[in-house]
Structures are given as C-alpha cells and as structure tokens.
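Let me begin by presenting the structure, written as structure tokens, before commenting on it.
Below, each value reflects all heavy atoms present in this structure, side chains not excepted, and no hydrogens, waters or symmetry copies. Source: prediction; values computed, not measured.
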Amino acid sequence: MTKKLTFKENMFIGSMLFGLFFGAGNLIFPVHMGQEAGSAVFWANLGFLATGIGLPFLGVIAIGVSKTAGVYELTQRINKKYAFVFTVLLYLVIGPFFALPRLATTSFEIGLAPFIDAKNQTLFLAIFSILFFFTTWWLSRRPTKILDYVGKFLNPVFLVLLGILLLLAFIHPLGTVEQSIQPNYQENPFFTGFTQGYNTLDALAALAFGIIIVTTIRNMGVTKPADIAKGTIKSGAISIILMGIIYTMLAYVGTMSLGGFALSSNGGVALAQIADHYLGTYGSILLALIVILACLKTGIGLITSFAETFTELFPKRSYLFFVSLASLLACLVANVGLTNIIQISLPVLMFIYPLAMTLILLVLIGPLFKQKPSVYRMTTYFTLIASILDGLNACPDSIKQTNFIRHLLDFANAYLPFFKLGMGWIVPAIIGFVIGLLWSKTKQEVAITE
C-alpha cells in the first residue's frame with residue numbers, strides 16, 4: 001500500500017515551506033511599498049502578490065508536476081551546460097552572495113541596531129553575523145530535521161509574535177488608506193508593485209526549495225511520484241495563502257502608518273516606528289524577535305537547499321562542506337551592509353528573474369507542446385537577451401552612462417515593449433516561444449519524457 005500525506009502532515013509541510021519563504025525581505029518590502037503607494041495600495045499590493053505569491057506558487061507546482069528533484073534536473077530540459085550555469089547562479093543569488101547575507105544584516109539593523117551606539121555598530125554587526133551564521137550552520141547540519149526545526153517550532157512562534165503586532169495595528173490604526181501616492185506609483189501602481197515583488201526572491205526560492213520539499217515528503221514515506229507531486233502542491237497552497245494574507249496586512253499597515261509617521265527610507269525603519277508606537281521598548285524587543293526568527297528559519301532553508309544542490313553538482317565534496325562554505329561566505333558578505341547588498345543585488349535579480357519565470361511557465365504549459373526541447377531552448381535564449389538588458393538598466397548610473405551600454409539601453413527603450421516597466425523580457429520570450437514551436441514541428445522533435 002502506497003503512503004499518502006495526511007491533512008496534518010500537509011499542514012506541517014506547508015508551515016515549513018512558509019517558514020522557509022518568509023524571511024527579511026518579506027517583512028520590510030510590503031511595508032515600504034504600502035507607504036509609497038498610499039491610496040493606490042490596492043493595485044500595488046495586487047502586483048506585489050502576483051510576483052510575491054503567484055510566481056512562487058507556480059514554481060512549487062512546476063517542481064511538483066515535473067516530478068523532478070529540483071532546479072538542476074528541471075533546467076536540463078534546456079541543455080546541461082545552461083542547467084549547470086543557471087543552477088549555480090541561482091543558488092549563489094539566494095545563497096551566500098545576496099539573500100543569506102541580507103538575512104543577517106536585516107535582522108541586525110531592525111532588531112538590534114536601535115539599541116547600539118552608532119560608532120559600535122560595525123563591530124557588533126560582525127559579532128552578530130558570526131553568531132547568526134553559526135546558529136544556521138548548526139541547525140542545517142541535519143536536513144532531515146528541517147521539518148521539526150522550522151515547520152513545527154520556529155514558524156508557529158514567529159506567526160504568534162507577528163500576529164500580535166498586526167492585530168494592534170488594525171485595532172488601533174495610525175491613519176486611513178487615503179494617503180498621498182509617491183511618483184513611482186502614480187502611473188502604474190500594479191506594475192511597480194509587480195517588480196517590487198522580485199525583491200522577496202521567492203520565485204527563485206520556490207525553485208530552490210523544491211529539493212527540500214521533495215526530500216521531506218520522501219522522508220515521510222511517500223514514494224510514488226504522483227503522490228509526491230500532490231503533496232508538494234497542497235503544501236505549497238497552504239504556505240502561499242498564508243503569505244498572501246500577511247503581505248496584504250503589512251502593505252495596509254504601511255499605508256496607514258503615514259497617518260502618524262513620515263515616509264521612511266525603508267520598511268525596516270517603518271516597522272520599528274510602528275512597533276515603538278504601540279508597545280514602546282517592548283515593541284522594539286518584540287520586533288527584534290520577529291525579525292530574527294524570520295531570518296533564522298529562512299537561513300536554515302537556504303543553506304540546506306544550497307548544500308544539497310551543490311553536493312549533487314560537485315559530488316566529491318560532502319554536504320557538511322557546502323553547509324560550512326555557504327555559512328562562511330554569507331557571514332563575510334553580511335558585513336558589507338544591507339544598503340550595499342540591496343544595491344548590488346538588484347541588477348542580478350532583474351537578470352535572473354525573467355529566466356526563472358519563463359522556466360516555471362514552460363513547465364506548466366509543457367503538455368501543450370509535449371515538452372519539446374526546442375521550445376524550452378528558444379524561449380530561454382530570447383529571454384536571456386532581454387534579461388541582460390533589464391539587468392544593465394538596473395545598474396548604477398556609473399555603469400549605465402558608458403557609451404556602449406547607453407546606446408544599448410536607448411535602443412531597448414525605443415524598441416522593446418515594457419522595457420521602461422522593467423519587463424522588457426515579455427515580448428522576446430513570446431517570440432522565442434513561437435519560433436521554438438515552429439522549429440520543433442519542422443524537426444519532428446522527440447518530446448521530453450517526464
């Protein structure tokens with residue numbers, strides 16, 4: 001008799017997946033978006049949810065229906081060289097170079113920096129990042145325990161603490177949603193919110209966490225691929241619904257906070273002001289616990305998925321080696337500072353996100369074109385060209401103003417639809433998809449077997 005997940009087991013896995021997804025950016029970006037969007041918060045939040053929960057859910061479904069173990073196996077539908085490069089880049093972005101260091105710096109700057117003198121913060125950030133990544137290293141050494149650590153303990157505690165703060169903000173609101181709209185949200189609040197959702201990194205994480213979900217379900221005794229796929233999708237639905245509710249509440253709390261505070265430089269500052277308003281010093285302590293827990297549980301997931309995938313790519317090295325490597329590199333990068341990490345990461349995100357989105361969509365509609373490799377390849381190659389332009393457009397002005405790059409961007413602005421919205425990849429992806437379809441029919445190509 002084949003084993004299937006019970007409702008309770010799906011809830012625990014859903015809790016674990018939510019815990020893995022919901023980290024630092026998931027707290028601060030919706031709040032800041034709410035402040036900037038003002039009375040346009042509904043449409044901005046809708047756009048944010050499209051990339052913040054819609055794409056991650058599609059990513060979870062893609063892993064489930066593809067019946068693969070993770071992103072490397074999935075991306076081989078394009079070709080093995082691309083799969084290797086894309087997988088390494090993806091895990092470096094959500095691992096030691098961007099997402100992992102951001103967890104430590106965000107939890108420090110929001111949770112602890114308000115209690116520390118400015119001149120001592122560099123030293124204390126170094127100490128905190130060492131302690132933070134030692135903890136994540138310790139809890140990541142045994143991947144089979146991640147369901148217990150995150151799904152059954154850390155995430156429920158986090159939800160209770162965050163629920164207290166959100167409840168106070170809605171029972172005693174600082175203002176209404178009828179607040180002024182910042183210029184970047186006045187014309188296209190939906191699309192601005194859509195690109196802001198990139199910052200959560202969750203569409204990338206959905207692909208990366210696929211290996212954790214599949215491994216966890218298998219460890220619970222489920223072996224039939226169809227049952228693993230169903231369990232993955234059900235657990236994903238639980239986590240995504242919960243994320244959508246909390247994102248929406250945070251966005252509206254951000255908008256209402258303008259009734260008591262000026263527009264903040266980032267969502268972390270706004271959250272600190274809100275917590276202090278309602279609970280004073282206790283609010284600062286509560287927020288510190290919320291942020292550190294959020295970052296800790298996501299850090300465990302990112303290090304675990306990084307180590308499991310790199311063990312697959314480089315089998316001569318052990319799982320523990322890659323856990324240690326990710327922890328050490330992230331600890332070093334964390335001391336660059338939150339602002340610098342976000343500035344550096346934006347061009348990379350604008351480059352890699354379209355490639356991840358088209359991969360997810362191709363897997364989901366794959367039965368329509370019988371999973372033919374040419375469709376995967378041509379769609380990806382055309383998207384790749386536009387992704388490079390989107391990435392360059394997000395670079396600092398010092399890079400954008402060089403003659404060659406400026407001419408490229410001027411051309412893209414003039415001839416590439418949606419480029420100004422940060423979505424110049426859409427039309428090239430469609431063109432590549434159509435060419436791939438025609439090519440596959442001409443070649444009488446053999447379909448990919450799942």
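Of all the heavy atoms in Pro156 and Ser15, the pair that sits closest is CD-OG, 4.2 Å. In plain terms, the two heavy atoms of Ala40 and Pro189 that are nearest each other are CB-CB, 4.0 Å. The two residues Phe133 and Ala104 have their closest heavy-atom pair at CE1-CB, 3.5 Å.
Under the 4.5 Å side-chain criterion, counting only non-hydrogen atoms from C-beta, Ser39 is not in contact with Val177. Counting heavy atoms from C-beta outward, Ile233 and Val60 have side chains that stay 4.5 Å or more apart. The side-chain heavy atoms of Leu355 and Trp425, taken from C-beta on, include no pair separated by under 4.5 Å. The shortest distance between side-chain heavy atoms of Met33 and Phe29 does not fall below 4.5 Å. Tyr185 is not listed as a side-chain neighbour of Phe190, based on a closest heavy-atom distance of 4.5 Å or more. Side chains of Leu368 and Ile365 form a contact here, defined as non-hydrogen atoms less than 4.5 Å apart. Taking the side chain as every heavy atom from C-beta outward, Ile300 and Leu154 approach each other to under 4.5 Å. A 4.5 Å side-chain heavy-atom check between Phe18 and Ile246 finds at least one atom pair inside the cut-off.
Annotation for Gln186: atom CD counts as buried by contact number, over 12 foreign heavy atoms lying within 6.0 Å. Within 6.0 Å of atom CZ in Phe411, 12 or fewer heavy atoms from other residues, nucleotides or ligands are found, so the atom counts as exposed in its surroundings.
Within the 3.5 Å criterion, the main-chain N or O of Gly254 finds a donor-acceptor partner in the side chain of Ser257. For the pair Ser239 (side chain) and Gly236 (backbone), a donor-acceptor distance under 3.5 Å is present.
For the pair Lys297 and Phe22, the cation does not sit on the ring face, since its NZ or CZ is not both under 6.0 Å from the ring centre and inside 45° of the axis.
How far OG1 of Thr195 is from CG of Asn184: 9.0 Å, rounded to the nearest 0.5 Å. Met378 CE to Thr383 OG1: the interatomic distance, rounded to the nearest 0.5 Å, is 10.5 Å. The structure places CG of Leu49 at 10.5 Å from CD1 of Ile245, a figure rounded to the nearest 0.5 Å.
Checked against the 6.0 Å centroid criterion, the rings of Phe194 and Phe48 do not qualify as a close aromatic pair. Between Tyr82 and Phe86, the ring center distance clears the sub-6.0 Å criterion. The aromatic ring centres of Tyr72 and Tyr91 sit 6.0 Å or more apart.
With sequence neighbours excluded, no residue forms a side chain to side chain donor-acceptor pair (under 3.5 Å) with Thr122.
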ask   = Where do Asn45 and Tyr247 land on the side chain to side chain donor-acceptor pair (under 3.5 Å) test, with the steps shown first?
value = CA-CA 8 Å; Asn45 181 63; Tyr247 279 152; over 6 Å; no
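In this structure, a donor-acceptor pair under 3.5 Å is absent between the side chains of Thr255 and Gln35.
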Give every donor-acceptor pair under 3.5 Å between a side-chain atom in residues 269-291 and any protein atom, sequence neighbours left out.
from   : atom 1 : to     : atom 2 : distance (Å)
Tyr278 : OH     : His172 : O      : 2.5

